[in-house]
Amino acid sequence: MVGPLIRFRPEEPVVTATPTTPEERLAAAGLELPPAPAPVAVYVPAVVSGHYVHTSGQLPMVDGALPVTGKVGAEVGAEQAKELARRCALNALAAVASVAGDLSAVKRVVKVVGFVASTPDFTGQPGVVNGASELLGTAFGDAGIHARSAVGVAVLPLDAPVEVEITVELHAPMGV
């Protein structure tokens with residue numbers, strides 16, 4: 001005698017939505033867009049001109065304060081500075097979102113300029129600014145690929161180790 005036929009159904013695959021917006025891609029990476037940092041002098045965090053948003057230089061502020069100060073190559077290591085550049089880029093994206101509504105308005109990242117306050121013998125500025133470039137790639141994928149400058153400087157505002165500014169192109173000019 002043959003026993004009862006038992007049918008096994010494979011578990012239904014768990015379908016998770018693929019992140020589609022830059023904010024969702026950042027969240028999937030464990031990051032949240034902070035509020036746009038308040039200016040530390042007389043300027044605005046970002047301005048719109050036609051299809052473009054230009055940010056002011058963004059420091060690696062966390063809750064209104066710098067997590068560390070000093071020069072890269074002395075008080076601040078290269079890997080720590082790379083993480084600070086990542087935070088600068090996140091703050092720059094917050095500045096973009098503050099004038100564009102959200103990051104889905106961004107068609108592509110055009111240009112990144114990173115300033116690294118460093119000792120005269122430190123030559124790893126490009127590696128530091130990679131922190132910003134990698135974050136923009138996480139948020140925008142291929143649309144995050146950009147032209148870039150990484151510049152060593154003697155000192156930055158508030159003795160910040162890193163400062164990053166970005167230019168992005170919008171899908172449509174603001175107000176249209």
Side-chain angles (χ1 to χ4, degrees), residues 22-23 25-26 29 31 33-34 36-62 66-100 103 105-171 173-174:
E23 289 89 350
R25 288 191 280 282
L26 289 171
L31 299 168
L33 203 61
V40 298
V42 182
Y43 61 89
V44 294
V47 295
V48 177
S49 180
H51 279 85
Y52 296 92
V53 176
H54 303 271
T55 71
S56 299
Q58 297 297 315
L59 302 178
M61 297 293 207
V62 177
L66 289 171
V68 65
T69 59
K71 305 282 183 286
V72 181
E75 302 89 357
V76 180
E79 281 303 310
Q80 184 179 22
K82 183 177 178 180
E83 284 301 312
L84 294 170
R86 182 179 182 195
R87 181 61 190 211
C88 291
L90 194 63
N91 290 342
L93 291 179
V96 169
S98 75
V99 296
L103 297 180
V106 174
K107 180 177 181 179
R108 68 166 296 133
V109 179
V110 176
K111 175 84 180 201
V112 172
V113 180
F115 301 97
V116 182
S118 47
T119 60
D121 61 333
F122 182 79
T123 59
Q125 291 84 1
V128 169
V129 180
N130 279 349
S133 295
E134 291 167 3
L135 177 94
L136 296 168
T138 296
F140 296 104
D142 287 346
I145 298 170
H146 51 269
R148 187 181 89 178
S149 298
V151 183
V153 298
V155 68
L156 288 168
L158 307 177
D159 200 25
V162 185
E163 180 176 334
V164 172
E165 64 182 56
I166 67 174
T167 300
V168 300
E169 182 182 5
L170 303 174
H171 289 287
M174 294 302 294

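These figures come from a predicted structure and were not determined experimentally.
Of all non-hydrogen atoms in Pro45 and Pro37, the two that sit nearest each other are CG-O, 3.7 Å. Cys88 and Leu59 get closest at one heavy-atom pair: SG-C, 3.6 Å. Of all the heavy atoms in Val129 and Gly114, the pair that sits closest is CG2-CA, 3.9 Å. Considering all non-hydrogen atoms of both residues, Lys111 and Ser149 come closest at NZ-OG, 3.3 Å.
Partners of Ile145 under the side-chain contact (heavy atoms from CB on, under 4.5 Å) rule, at least two apart in sequence or in another chain, are Asp142. Residues satisfying the side chain to side chain donor-acceptor pair (under 3.5 Å) criterion with Thr119, sequence neighbours excluded, are Asp121. Residues that satisfy the side-chain contact (heavy atoms from CB on, under 4.5 Å) test with Arg87, not counting sequence neighbours, are Pro34, Pro60, Val62, Leu90, Asn91. For Glu163, the side chain to side chain donor-acceptor pair (under 3.5 Å) test picks out no residue, with sequence neighbours left out. Shown here are the side chain to side chain donor-acceptor pair (under 3.5 Å) partners of Arg25, two or more places apart in sequence or in another chain: there are none. Scanning for side chain to side chain donor-acceptor pair (under 3.5 Å) contacts around Lys107 gives an empty result, with sequence neighbours left out.
Taking CG from Leu135 and CD from Glu83, the interatomic distance works out to 9.5 Å, rounded to the nearest 0.5 Å. Here the CG atom belonging to Leu66 is positioned 4.5 Å from the CE atom belonging to Met61, to the nearest 0.5 angstrom. Note: Phe140 CZ to Leu26 CG = 7.5 Å, rounded to the nearest 0.5 Å.
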Atom pairs and distances, donor-acceptor, side-chain atoms in residues 67-80, under 3.5 Å, two or more places apart:
residue, atom, partner, partner atom, Å
Lys71, NZ, Ala154, O, 3.3
Lys71, NZ, Asp159, OD1, 3.4
Glu75, OE1, Lys71, N, 2.8

Cut-off 3.5 Å, no hydrogens considered: what does the side-chain donor-acceptor table look like for residues 92-99, sequence neighbours left out?
residue, atom, partner, partner atom, Å
Ser98, OG, Ala95, O, 2.6

(request) With side chain to side chain contact (heavy atoms under 4.5 Å, CB included) as the test, would you mind laying out the steps for Thr138 and Leu31 before giving the verdict? (result) CA-CA 10 Å; Thr138 296; Leu31 299 168; 5.5 Å; no
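A salt bridge (charged side-chain N to carboxylate O under 4.0 Å, His left out) check over residues 123-139, counting only residues at least two apart or in different chains, returns the pairs Lys82-Glu134. Counting only residues at least two apart or in different chains, side chain to side chain donor-acceptor pair (under 3.5 Å) contacts with residues 48-60 comprise His54-Thr167.
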